[in-house]
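No hydrogens, no waters, no symmetry mates; every other heavy atom, side chains included, goes into these values.
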Amino acid sequence: MLRLLFLLTCALALLASSVASAAIVEHSFYVKNRTVRRLCSEQVVTAVNGSLPGPTLRVREGDTLIVHVFNKSPYDMSIHWHGVFQLLSAWADGPSMVTQCPITPGGKYTYKFKLLQQEGTLWWHAHFSLLRATVYGALIIRPRSGHPYPFPKPNKEVPILLGEWWNANVADIERQAAATGALPNISDAYTINGLPGDLYNCSRNRMYKLKVQKGKTYLLRIINAALDNQLFFKIANHKMTVVAVDAGYTVPYVTDVVVTGPGQTVDVLLAADQEVGSYFMAANAYASAGPAPPAFPAPPPFDNTTTRGIVVYEGAPASATPIMPLMPAFNDTPTAHKFFTSISGLAGGPHWVPVPRQIDEHMFVTVGLGLSICPTCLNGTRLSASMNNFSFERPSSLSMLQAFFFNVSGIYTPDFPDTPPIKFDYTNIINAVNPSLLITPKSTSVKVMKYNATVEMVLQNTALLGVENHPMHLHGFNFHVLAQGFGNYDPVNDPKKFNLINPVSRNTINVPVGGWGVIRFTANNPGVWFIHCHLEAHLPTGLATALVVENGPTPESTLPPPPVDLPQC
């Protein structure tokens, strides 16, 4: 009896501690246009609370985050909380016309959700048109009070947001691309925490500076907020230790270069262990597109510039000349692939989820470019993209999540295929301009799955219109990356390479250029979840689909009704 009473007391104390450690964190976002001077000229941009990047939100695991968004801009918009699981809160996920209608100019919407079962660095951004070029910021989830990091506690934590800058209105850039059917214009600069650095015109004094003390350790929370570019990141003469990616802890991995795709985050420990002085940090593009097909004059252009900030040791003389790191070549695929495949998950660490072994849904999904018919465009076609030859088109009258909840037909169709409708030599450049494969029909097709189903998805790149690395982002879940490779996926031999013990857990995978990646996850969150390429140039062209997870058998596995202030179309 005494033992039972003791155990009950301990359980109640643990529950009380858990409840006491959770808080309600509340913010207001005022989305407005403002004028910013960059690269010798003034430009009107859309920003949150007047800052670029936007506010950094800091919470603890278990907290409830409430963000009131007031749209004072002239554009429709919504906010996506990139990487947040949104357990039973799909109404707060944010992708326009998927989980909500956009917030119209003058409108407002309150996002409310709990941060559960994940810790680390995530971020938030606009999920409408190209607005996320300037509407973005960090979302940092620390452990609950009294719960330590699974690595030595750093002396300081520093968000490092890598972005892109255009000397033009991004809304105009998008309209021009839509009118011509071509890719949007490339950016004019990269930025570190909103600043381009001294390699760009009129930017000598617009460079991010990180002050450090010798002997101390810094946790850099690196976020790739760029729209269309994967990036290499280095700090001269310093190693970095990767301890987390996409808000999932990893086995410590020491490297002198970090590689990130748009949407990905990487947490690294930086030891200030070099001679007192100044050292550049720098980021430039990893442009993976291979040689142009014979019918094309050249590979697609990209922003081949470099942004840099500076790490300054306390006591360094002002006259010290900073050291510049040797950056990888823009097409250094071996370095990128080594980084992506060298990171493994911290099995047994906080919030670790073992790899599910029983598979309910097997999917083989091609991802790549194509064309669609456009009578008003140049050459009668526009650039398109597809998954399993279905080019995604958002609905216009009702969000997909509303259609799911209220059982409204005609908004989407449950016919997204588990395999490509046509099998071919996917990565052979000879098929790059095969007319029978290039045209991709538009549809709002989804894959429907049972609650708690285990899904294994092979993401296979294609060579249509050329090969490149595709960063694929799944909303609402993290997935285990079991393996990655080049060429066509081999269903007989490649499963022998699967890491089923401690694979890395991510929400965004860089499917290798001309290659494949295999992911696995449990669909334990009812709702409509977007999966798409996080290259902004490819999302409007249709490189996306949605997964519809049905409600489970209990109230705890059923999507609740929408908030009363959910925007309407």
Salt bridge present between E157 and R221 (N-O < 4.0 angstrom): yes
Quick one, Y200 with W165, criterion ring pair (Phe, Tyr, Trp, His ring centres under 6.0 Å). Give me CA distance, side-chain angles, the key distance, then yes/no. CA-CA 11 Å; Y200 299 100; W165 177 263; over 10 Å; no
When you check the side-chain N and O atoms of H82 and N507, is any donor under 3.5 Å from an acceptor? yes
Examine distances only and state if a side-chain atom of H80 and a backbone atom of G94 form a donor-acceptor pair shorter than 3.5 Å. no
To the nearest 0.5 Å, atom OG1 of T64 lies from atom CG of L116 at 7.5 Å
Could you tell me if the side chain of L227 sits less than 4.5 Å from the side chain of S187, heavy atoms only? no
Where at least one partner belongs to residues 40-65, residue pairs that pass ring pair (Phe, Tyr, Trp, His ring centres under 6.0 Å), sequence neighbours excluded: none
Tell me whether Y412 contacts the main-chain N or O of S443 through its side chain, where contact means a donor paired with an acceptor under 3.5 Å. no
Step by step, would you call V242 with F339 a side-chain contact (heavy atoms from CB on, under 4.5 Å)? CA-CA 10 Å; V242 177; F339 180 84; 4.0 Å; yes
Check: P53 main-chain N/O paired with N193 side-chain donor or acceptor under 3.5 Å: no
Step by step, work out the ring pair (Phe, Tyr, Trp, His ring centres under 6.0 Å) result for Y279 and H238. CA-CA 9 Å; Y279 302 84; H238 287 75; 4.9 Å; yes
Please tell me whether T46 and N33 have a donor and an acceptor in their side chains that are separated by less than 3.5 angstrom. yes
Excluding sequence neighbours, so at least two apart, what forms salt bridge (charged side-chain N to carboxylate O under 4.0 Å, His left out) with K447? E361, D418
Using side-chain contact (heavy atoms from CB on, under 4.5 Å), reason through R308 and L199 one step at a time and then give a plain yes or no. CA-CA 8 Å; R308 63 185 186 183; L199 294 178; 3.6 Å; yes
Polar contact flag, side-chain donor to acceptor under 3.5 angstrom, H475-Q86: no
Could you check, using the six-membered ring where one of them is a Trp, whether F477 and F479 have ring centers closer than 6.0 angstrom? no
Take the angle between the ring planes of H532 and H473 and call it parallel below 30°, perpendicular above 60°, tilted in between. perpendicular
Are M400 and P395 close enough that some pair of their side-chain heavy atoms sits under 4.5 Å apart? yes
Listed by chain and number, what are the ring pair (Phe, Tyr, Trp, His ring centres under 6.0 Å) partners of F302, not counting sequence neighbours? F330
Pairwise side-chain contact, T522 with N452, heavy-atom cut-off 4.5 Å (strictly under): yes
Polar side-chain atom of Q118 near backbone of F85 as donor-acceptor pair, under 3.5 Å: yes
Could you go step by step and tell me if F405 and W91 meet the ring pair (Phe, Tyr, Trp, His ring centres under 6.0 Å) rule? CA-CA 10 Å; F405 185 85; W91 302 106; 5.8 Å; yes
So, S96 side chain and F128 main chain: donor-acceptor pair closer than 3.5 Å or not? no
So, the side chain of T545 versus the backbone of S445: is there a donor-acceptor pair under 3.5 Å, distance only? yes
Hey, is D63 close enough to R60 for a salt bridge, meaning N to O under 4.0 Å? no
Quick check: do F151 and P154 have side-chain heavy atoms less than 4.5 Å from each other? yes
Could you walk me through whether V212 and Y218 pass the side-chain contact (heavy atoms from CB on, under 4.5 Å) check? CA-CA 8 Å; V212 301; Y218 299 81; 3.6 Å; yes
How long is the gap from CG on L474 to CZ on R506, to the nearest 0.5 Å? 13.5 Å
Q402: which of L566, I411, T99 passes side-chain contact (heavy atoms from CB on, under 4.5 Å): L566
Hey, could you give me the CH2/NE2 distance between W124 and H27, rounded to the nearest 0.5 Å? 10.5 Å
Are V446 and T413 close enough that some pair of their side-chain heavy atoms sits under 4.5 Å apart? no
Among I310, L220, I235, whose side-chain contact (heavy atoms from CB on, under 4.5 Å) with L210 holds? L220
Kindly state whether the ring of F113 and the ring of W81 have centres lying under 6.0 angstrom apart. yes
Please answer whether the main-chain N or O of Y253 pairs with a side-chain N or O of T241 as donor and acceptor at a distance below 3.5 Å. no
Between S505 and D246, is there a side-chain heavy-atom distance shorter than 4.5 Å? no
Run the side-chain hydrogen bond (donor to acceptor under 3.5 Å, both in side chains) test on E164 and N229 for me, step by step, so that the C-alpha distance in whole Å, both residues' side-chain angles and the decisive distance to 0.1 Å come before the verdict. CA-CA 9 Å; E164 285 186 89; N229 285 282; 2.9 Å; yes
What I want to check is whether the side chains of S28 and H68 have a donor and an acceptor closer together than 3.5 Å. no
Donor-acceptor under 3.5 Å (N478 side chain, F521 main chain): no
One pair to check against salt bridge (charged side-chain N to carboxylate O under 4.0 Å, His left out): K108 and D565. What are the steps and the verdict? CA-CA 8 Å; K108 62 181 180 179; D565 65 337; over 6 Å; no
Between L115 and L65, does a side-chain contact (heavy atoms from CB on, under 4.5 Å) hold up when you go through it step by step? CA-CA 7 Å; L115 288 308; L65 182 60; 3.8 Å; yes
Would you mind reporting whether P196 and L39 have side-chain heavy atoms less than 4.5 Å apart? yes
Evaluate the side-chain hydrogen bond (donor to acceptor under 3.5 Å, both in side chains) criterion for residues S73 and K32: first the C-alpha distance (whole Å), next the side-chain angles of each, then the deciding distance (0.1 Å), finally the verdict. CA-CA 5 Å; S73 81; K32 298 180 181 180; over 6 Å; no
Would you say the side-chain atoms of T305 pair up with the backbone N or O of D303, donor to acceptor, closer than 3.5 Å? no
Return the CD to OH distance between Q230 and Y286, rounded to the nearest 0.5 Å. 6.5 Å
First locate atom CG of D188, then atom CG of N167, and finally report the distance between them rounded to the nearest 0.5 Å. 4.5 Å
Say whether N510 and Q264, considering side chains only, have a donor N or O and an acceptor N or O under 3.5 Å apart. yes
List the steps and the verdict of side-chain hydrogen bond (donor to acceptor under 3.5 Å, both in side chains) for D267 and T121. CA-CA 7 Å; D267 291 356; T121 304; 2.6 Å; yes
Below 4.0 angstrom, N of the basic side chain to O of the carboxylate: do R144 and E119 qualify? no
Drop me the distance from D76's CG to S129's OG, to the nearest 0.5 angstrom. 9.0 Å
Parallel under 30°, tilted from 30 to 60°, perpendicular over 60°: which one fits the rings of Y109 and Y111? perpendicular
Has R58 got a side-chain atom pairing as donor or acceptor with I140's backbone, closer than 3.5 angstrom? no
Would you call P102 and M77 a side-chain contact if the rule is heavy atoms closer than 4.5 Å? no
